[in-house]
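One structure below.
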Number of protein chains: 2
Amino acid sequence: MGAECHHAESAQPGLEGVALANAVAAAQAQCERTRERLTPPRRRVLELLLESDGPMKAYDLIAAYGQDGEPAKPPTVYRALEFLERLGFAHRIESLNAYVPCRMEGAGHRAAFLICECCGAAQEFEPDFSAQFAAAEIAGYAVRTVTLEARGLCPACKVQT
Amino acid sequence: MGAECHHAESAQPGLEGVALANAVAAAQAQCERTRERLTPPRRRVLELLLESDGPMKAYDLIAAYGQDGEPAKPPTVYRALEFLERLGFAHRIESLNAYVPCRMEGAGHRAAFLICECCGAAQEFEPDFSAQFAAAEIAGYAVRTVTLEARGLCPACKVQT
DNA sequence: CTAGTTATGTTATTTCATAACGCTGCGGGT
DNA sequence: ACCCGCAGCGTTATGAAATAACATAACTAG
Ligand SMILES: [Zn+2]
Ligand SMILES: [Zn+2]
Ligand SMILES: [Zn+2]
Ligand SMILES: [Zn+2]
């Protein structure tokens with residue numbers, strides 16, 4: 001989305017067609033297992049995130065929500081995002097005020113991101129927080145969640161100017 | 001600041017009197033060494049951050065800016081914060097949209113925070129990002145900065161309800 | 001002094017997020 | 001079948017956070 005450069009933002013191509021349908025169906029199945037409801041607005045926002053090539057802002061989702069071009073009302077999208085985050089289907093990237101669909105297998109995981117400051121790509125990776133947990137323990141903190149966002153240049157943007 | 005509980009937010013008592021003056025003087029000295037200018041608005045915002053018991057929102061700073069109760073204009077404070085962050089005198093906490101003065105000795109360091117979700121305290125600690133750098137290297141990213149914010153309960157809030 | 005650069009003052013606007021309230025529809029208990 | 005409780009949603013309105021744009025002032029180097 002944030003195309004500050006000319007490089008292809010190809011790191012995370014959006015899903016379409018069968019791949020998209022499969023991803024949504026997997027979310028649907030996971031919801032049924034845990035008695036959660038993937039309602040139409042939630043499903044729609046998840047679709048939009050999965051279709052996107054990169055992080056989407058809340059108001060991008062709001063604008064793209066209606067298939068007929070009608071935008072959603074902000075609470076519709078923010079509520080859906082809250083649900084998707086809670087279930088682990090999406091993540092918020094704090095330093096971008098933006099959202100991405102979860103790209104990792106298995107729910108309930110801890111997320112971390114590599115963010116390209118040139119092309120805007122955001123790649124999720126599996127973090128190792130053992131050093132941080134050790135520091136927290138020394139300080140006496142009981143850690144519940146950890147946000148980690150590394151900013152720099154992706155492989156594509158690193159080579160050229 | 002965010003007092004969602006009754007526990008004393010004593011982790012980071014604000015500076016006053018001589019301690020405050022010393023901290024500002026140290027920043028002043030460091031600026032002179034690097035030919036940077038600690039101008040009145042910058043100094044004022046730094047003072048406000050140092051005096052505070054916890055993270056301050058930008059609009060808290062705006063409201064508290066004038067000694068006579070006159071608020072600042074938003075750009076005044078945002079510019080000062082940008083400067084203070086650049087010089088390492090302050091940090092932004094992304095997950096709170098708030099700012100803290102740097103509590104670590106020596107400039108140019110990497111910051112990380114333990115944030116209490118009950119009393120709002122934010123404690124800076126020295127992070128070890130070696131595991132994250134390894135992950136970034138595998139992915140081919142050149143990391144420039146890392147944001148790490150661990151959220152949970154501080155020692156004081158952990159014991160009681 | 002003069003020109004270039006850095007910082008500030010000011011107005012307005014944009015961007016991001018939530019409060020509040022009533023309606024709907026699904027589920028469990030009787 | 002009926003009632004009720006609650007999660008979810010639609011809608012209006014507002015609040016909170018950040019920046020754009022442009023004019024003026026203050027340093028600094030030549
Ligand atoms: Zn994930
Ligand atoms: Zn890139
Ligand atoms: Zn610091
Ligand atoms: Zn606490």
Side-chain angles (χ1 to χ4, degrees), chain A residues 1-2 4 27-28 31-32 34-46 48-49 55-68 70-87 89-100 120 147 149, chain B residues 1-2 4 27-28 31-49 55-68 70-87 89-100 120 147 149:
Chain A
M1 292 274 96
E4 294 155 356
Q28 176 74 264
C31 283
E32 281 163 7
T34 56
R35 305 268 207 290
E36 297 279 355
R37 297 163 57 196
L38 190 64
T39 59
R42 292 167 177 179
R43 167 190 296 260
R44 178 62 181 145
V45 171
L46 177 58
L48 288 171
L49 289 175
M56 287 190 82
K57 303 268 204 173
Y59 275 73
D60 294 340
L61 293 163
I62 287 167
Y65 184 87
Q67 290 87 340
D68 52 358
E70 278 303 293
K73 305 291 172 63
T76 301
V77 164
Y78 280 104
R79 285 163 177 162
L81 288 170
E82 183 183 25
F83 171 85
L84 295 172
E85 278 204 82
R86 182 164 59 79
L87 276 284
F89 297 144
H91 301 294
R92 172 179 167 82
I93 300 184
E94 296 286 347
S95 61
L96 297 178
N97 289 352
Y99 302 84
V100 290
T147 296
E149 299 172 11
Chain B
M1 292 280 96
E4 294 155 357
Q28 176 74 264
C31 283
E32 281 164 7
R33 242 173 284 127
T34 58
R35 305 268 206 292
E36 297 279 354
R37 296 162 58 195
L38 190 63
T39 59
R42 293 168 176 178
R43 168 189 296 259
R44 178 62 182 147
V45 170
L46 177 58
E47 277 176 11
L48 288 170
L49 289 174
M56 286 192 80
K57 303 267 204 175
Y59 275 73
D60 293 341
L61 292 163
I62 287 167
Y65 184 86
Q67 289 88 340
D68 53 356
E70 279 303 292
K73 305 292 172 60
T76 301
V77 165
Y78 281 104
R79 286 164 177 163
L81 287 170
E82 184 183 23
F83 171 85
L84 295 172
E85 278 204 81
R86 181 163 60 80
L87 276 283
F89 296 144
H91 302 294
R92 170 180 168 83
I93 300 183
E94 295 286 349
S95 60
L96 297 177
N97 290 351
Y99 303 82
V100 290
T147 297
E149 298 171 12

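Keep in mind the model is a prediction, meaning the values are calculated, not measured. Just so it is clear: chains get the letters A, B, ... in the order the sequence lines come, proteins before strands, and each one is counted from 1.
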Looking at B:Leu84 and B:Leu46, what are the two nearest heavy atoms and their distance? CD1-N, 3.8 Å

side-chain contact (heavy atoms from CB on, under 4.5 Å) with B:Glu32: which residues, sequence neighbours excluded? B:Gln28

Given that B:Pro74 and A:Glu36 both sit by DNA chain D, which one's nearest nucleotide is further toward the 5' end? A:Glu36

For B:Arg44, check salt bridge (charged side-chain N to carboxylate O under 4.0 Å, His left out) against everything at least two apart and list the hits. B:Glu47

Could you check how far CZ of A:Arg35 sits from P of C:dC26, rounded to whole Å? 17 Å

Output a table of donor-acceptor pairs, distance under 3.5 Å, between side-chain atoms of residues 89-98 of chain A and any protein atom two or more places apart or on a different chain; print 'none' if there are none.
| unit_1 | atom_1 | unit_2 | atom_2 | d |
| --- | --- | --- | --- | --- |
| A:His91 | NE2 | A:His109 | NE2 | 3.4 |
| A:His91 | NE2 | A:Glu124 | OE2 | 3.1 |
| A:Arg92 | NE | A:Glu94 | OE1 | 3.2 |
| A:Arg92 | NE | A:Glu94 | OE2 | 3.4 |
| A:Arg92 | NH1 | A:Tyr99 | OH | 2.8 |
| A:Arg92 | NH2 | A:Asn97 | OD1 | 3.1 |
| A:Ser95 | OG | A:Glu149 | OE1 | 2.5 |
| A:Ser95 | OG | A:Arg151 | NH1 | 3.0 |

Which whole-number value in Å describes the distance from A:Phe83 CZ to D:dA7 P? 14 Å

So, do A:Leu38 and A:Leu87 sit near enough that their side-chain heavy atoms are less than 4.5 Å apart? no

For the helix from C:dC1-D:dG30 to C:dT30-D:dA1, figure out the bend between the end axes, five pairs an end, and round to 10 degrees. 40°

What is the distance, rounded to the nearest whole Å, between atom CG of A:Leu84 and atom C1' of D:dG8? 14 Å

So, for A:Val100 and A:Pro55, which heavy atoms are closest and what is the spacing to 0.1 Å? CG1-CA, 3.6 Å

Only counting residues at least two apart or in another chain, list the ones meeting salt bridge (charged side-chain N to carboxylate O under 4.0 Å, His left out) with B:Arg86. B:Glu36

Identify the pairs formed between an N or O of the protein and an N or O of nucleotides 15-17 of chain D at a distance under 3.5 Å, and give each distance.
| unit_1 | atom_1 | unit_2 | atom_2 | d |
| --- | --- | --- | --- | --- |
| D:dA17 | OP1 | B:Lys57 | NZ | 2.9 |

Heavy-atom nearest nucleotide on DNA chain C for B:Thr76 versus A:Pro75: which residue maps closer to 5'? B:Thr76

Under 3.5 Å, which protein N or O atoms sit close to an N or O of nucleotides 4-6 of chain D? Give each pair with its distance.
none

Measure the spacing between CG of B:Leu48 and CG of B:Asp60 and express it to the nearest 0.5 Å. 10.0 Å

Listed partners of B:Ala72 passing side-chain contact (heavy atoms from CB on, under 4.5 Å), at least two apart: B:Tyr65, B:Thr76, B:Val77

How long is the span from the SG atom in A:Cys31 to the CZ atom in A:Arg42, to the nearest 0.5 Å? 8.0 Å

To the nearest angstrom, how far is A:Ile62 atom CD1 from C:dT18 atom P? 11 Å

Sorted by chain and residue number, the side-chain contact (heavy atoms from CB on, under 4.5 Å) partners of A:Pro71 (sequence neighbours excluded) come out as A:Ile62

Residues from residues 37-44 of chain B sitting under 4.0 Å of DNA chain C, heavy atoms only? B:Arg37, B:Thr39, B:Pro41, B:Arg42

By side-chain contact (heavy atoms from CB on, under 4.5 Å), which residues pair with B:Arg35, not counting sequence neighbours? none

In whole angstroms, how far is the P atom of C:dT10 from the NZ atom of B:Lys73? 5 Å

Judged by each residue's nearest nucleotide on DNA chain C, which is more toward the 5′ side, A:Arg79 or B:Arg86? B:Arg86

Using whole Å, what does the distance between atom C1' of nucleotide D:dT19 and atom CD of B:Glu82 come to? 11 Å

Output the rounded distance in Å from CD (B:Glu70) to C1' (C:dG9). 14 Å

Interatomic distance, A:Leu81 CG vs C:dA17 P [rounded to whole Å]: 9 Å

